[in-house]
Structure formats: structure tokens, C-alpha cells
Trainee: 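This structure is in C-alpha cells; I'll ask about it shortly.
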Amino acid sequence: MKVYISGKFYDKADAKISVYDHGLLYGDGVFEGIRCYSGKVFKLDEHLDRLYDGARHIHLEIPLSKQAFAEAIHETLRINGLKDAYIRAVVTRGIGTLGLDPRKCGKPEVIIITDSIQLYSPETYEKGLELATVATIRNHPAALDPRIKSLNYLNNILARIEATLCGCEEALMLNHKGEVAECSGDNIFIVKQGVLKTPPPDAGILKGITRGVVIDLARQAGIPVQEVPLTRHDIYAADECFLTGTAAEIIAVSKVDGRVIGSGKQGPITKLLHQRFHELTRQ
Ligand code: PXG
């Protein structure tokens, strides 16, 4: 497997970044997780828009146009002979000094890794995922806006550790207002009386690309969709609950904090959206 680093391709074993890179020293950078289905990169423009918006926010100038970035992704897939893949695009601040000042860094590094990803077992997709609400709240948007997919994922990792300690595979994270935000690496949806509901972007969440696709698919299927603040009560009392993300795609939630959600199995609307998503990506 070849890895792209700033215009050159390296074997996986030789694909290395300096220990002085502020991406490593401070988590200073942005990234994307993207999927390629049957040779077509899924929602590439949306992923690049989010990457470049995040870079703007952190005052990081990506040394490639969006078009050149897209070409680099396609070239990496081509060199590795991949048609179905998970793509990790990373832009770091670059090599700097042992001080925070990003002005002391040289050129940002652009990294493109192509590989595969399987977050959950087929059995978990079948049975549904168990969540635990964790004490670690999602980053306050005024501190580090969750809309930036930054290289600093400690907030999410801490949440994941807490979930694991509770015997669950995913964490339900609340925001600073105590409302439901999202999971450590996925957005959350519920169905209540035929209405699909998910927290709005200003609840302090990553505005997931899969989330957007699922909202579109639901509207096309005539399912009413509401982007509204949700509480834990809404989750516990939901008829259905599922998560969305590039890696997980759509996965049903069977239990939250020990409460069985709906029937405890993948509900009819989750199933329909899962099928539509599959048709869209595997057509
Ligand atoms: N919330 C958070 C915090 C995320 O990190 C999502 C929601 C879903 O967004 P997308 O755009 O993917 O629908 C994410 C994305 C991994 C992995 O390695 C995690 C994500 C994406 C790809 C891989 O666990 N999270």
C-alpha cells in the first residue's frame, strides 16, 4: 500500500512525518474520513468543503486547490488499485519549533492514506449497538467548535474510553447545555411517531456528511425530518434510534444506558433508510 505525503508516494513502512510536526506535537491540523464505493469517491466535494472550512477556521492554508486535492485522492486510489476503500485525508500544520506558535511552522503536510475500515462486526449491525451516556461533554463550541474535524480527538477518545468502561461500544455525548449532541464518531437520529429527529448543527456536533445524506433520503421517502434539540428522555422514549457516519454508515441502536430502545431491534424506518443508503452507495 502506497501513502501520499505532500506530492510523493511512499511504501506504508516508509510513510513518516517529523516528530516536530505540530500535527503530532499539538494535534494541530484537520482530517477527513471518506469512502470510495465501486471506484466512485462518495460525497468528495462535501468532504473537501468541510476539510477546507475547518482549515480556514484554524488559520491553516492547505497548499493545494480543492481540485488538486481531489486528483491526489484519485491518484492514490489508482496507484493502490482500490475500488472500495476508506480514505483518510490529513493536513497537519507542518514542521515547527517546540512552541505553540504556528507561524514558526513550515509548509503544511498533506497525507492521504487509503485502506479499509470495519468498525463493528456484522453481528452488531444485526443486533444493534449499545450506548452509554458519558460524563465527558462534547467540546464547548466556544472552546473548540465540533464542526472542525481537527486532529485533536481527545474529547471523543475520552468519551469512548468511558463507554468501554461501561461495557458499551459507543458513547452518547451531551453538550454543555445537557442536550444530546452526538456519539464519539457518529451522529445520532431517533424516530418518534413516524418523525425522524436529529440534533441541529448548533447543538455542538460535527455536521456529518452521512447525516446529510440520511436526511435527504428520508425526505425523498416522504418521512418528515426535524433538526431539533433532543434530551436523554427523547432517546429513551424513542421508537427507533440509529447512528450515522462514514465508517459505520447506518447502525441501529438497541440499548441506551440499559434502556431498550423501541423493540430493541432495527426498526422499520431505520431499515428503510439503511436499504436506501445501500442502494445509493452500491448501485
Ligand atoms: N461525529 C463525529 C465526532 C465524527 O468524528 C461523525 C460524526 C460522522 O460524520 P461523517 O461525515 O463521517 O458522516 C464523525 C466522523 C473512525 C472514523 O476512524 C470516524 C469518523 C469517520 C470516519 C472514521 O472512527 N467520524
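Whatever order the structure lists them in is the order used to number ligands and atoms, beginning at 1. Numbers here simply count residues along the sequence, with the first being 1.
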Trainee: For Lys207, is the nearest heavy atom under 4.0 Å from an atom of ligand 1?
Mentor: no

Trainee: Taking atom 14 (C) of ligand 1 as the point of reference, which of Gly33, Gly185, Ala159 owns the nearest heavy atom?
Mentor: Gly185

Trainee: Determine whether Cys241 and Ile188 make a side-chain contact, defined as any pair of heavy atoms from C-beta on separated by less than 4.5 Å.
Mentor: yes

Trainee: For ligand 1, does Ser184 get within less than 4.0 Å through its side chain, its backbone, both, or neither, judged by non-hydrogen atoms?
Mentor: backbone

Trainee: Any N/O of His47 closer than 3.5 Å to an N/O of ligand 1?
Mentor: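 No, His47 has no N/O under 3.5 Å of an N/O on ligand 1.
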
Trainee: Can you say whether the rings of His278 and His274 are parallel (under 30°), tilted (30 to 60°) or perpendicular (over 60°)?
Mentor: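 Taking His274 first and then His278, their aromatic rings lie parallel (interplane angle under 30°).
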
Trainee: Do the side chains of Lys2 and Asp11 get close enough for a salt bridge, i.e. N-O under 4.0 angstrom?
Mentor: yes

Trainee: Please determine if Arg211 and Asp186 form a salt bridge, counting it only when a charged side-chain N lies under 4.0 Å from a carboxylate O.
Mentor: no

Trainee: Within a strict 4.5 Å, meaning less than it, do heavy atoms of the Asn155 and Arg138 side chains meet?
Mentor: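 Contact flag for Asn155/Arg138 side chains = yes.
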
Trainee: Taking the six-membered ring of Tyr86, is the NZ or CZ of Arg35 close enough (under 6.0 Å from the centre) and on axis enough (within 45°)?
Mentor: no

Trainee: Does Glu32 come within less than 4.0 Å of ligand 1, judged by its heavy atoms?
Mentor: no

Trainee: Going by the order shown, which atoms of ligand 1 are within less than 4.0 Å of some heavy atom of Ala247?
Mentor: 22 (C), 23 (C)

Trainee: Is the closest side-chain heavy-atom distance between Leu131 and Asp257 below 4.5 Å?
Mentor: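 A side-chain contact is absent here, since even the closest heavy-atom pair is not under 4.5 Å.
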
Trainee: Answer yes when Lys127 and Glu123 have at least one side-chain N-carboxylate O distance shorter than 4.0 Å, and no when they do not.
Mentor: yes

Trainee: Determine, using heavy atoms of Arg138 and all atoms of ligand 1, whether some pair is separated by less than 4.0 Å.
Mentor: yes

Trainee: Starting from atom 13 (O) of ligand 1, find the nearest protein heavy-atom neighbour and note its residue, name and distance.
Mentor: Thr210 OG1, 2.6 Å

Trainee: Under a 4.0 Å threshold between the charged nitrogen and the carboxylate oxygen, would Arg160 count as salt-bridged to Glu170?
Mentor: yes

Trainee: Which is closest to atom 1 (N) of ligand 1 in terms of heavy atoms, Arg88, Arg211, Glu182?
Mentor: Glu182

Trainee: Are any non-hydrogen side-chain atoms of Phe242 and Leu196 less than 4.5 angstrom apart?
Mentor: yes

Trainee: Who gets closest to atom 3 (C) of ligand 1 by heavy atom: Thr244, Asn139, Asn156?
Mentor: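 Nearest option to atom 3 (C) of ligand 1, by heavy atoms: Asn156.
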
Trainee: Among all protein non-hydrogen atoms, which one is nearest to atom 17 (C) of ligand 1, and what is the separation to 0.1 Å?
Mentor: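 For atom 17 (C) of ligand 1, the nearest protein heavy atom comes out as Tyr86 OH, 4.0 Å.
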
Trainee: List every atom of ligand 1 that sits less than 4.0 Å from any heavy atom of Thr246, numbering the atoms from 1 in the order shown and giving each element.
Mentor: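 Listed by number with element, the hits are 10 (P), 11 (O), 12 (O), 13 (O).
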
Trainee: Tell me the nearest of Ile209, Leu206, Leu119 to atom 11 (O) of ligand 1, using heavy-atom distances.
Mentor: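 That would be Ile209.
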
Trainee: Should you measure from each heavy atom of Gly208, which atoms of ligand 1 turn up under 4.0 Å away?
Mentor: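 Contacts of ligand 1 toward Gly208, numbered from 1: 9 (O), 10 (P), 11 (O), 13 (O).
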
Trainee: How close does the nearest protein non-hydrogen atom get to atom 20 (C) of ligand 1, and which residue and atom is it?
Mentor: Lys149 NZ, 3.7 Å

Trainee: Give me the nearest non-hydrogen protein atom to atom 5 (O) of ligand 1 as residue plus atom name, then the distance to 0.1 Å.
Mentor: Tyr153 OH, 2.5 Å

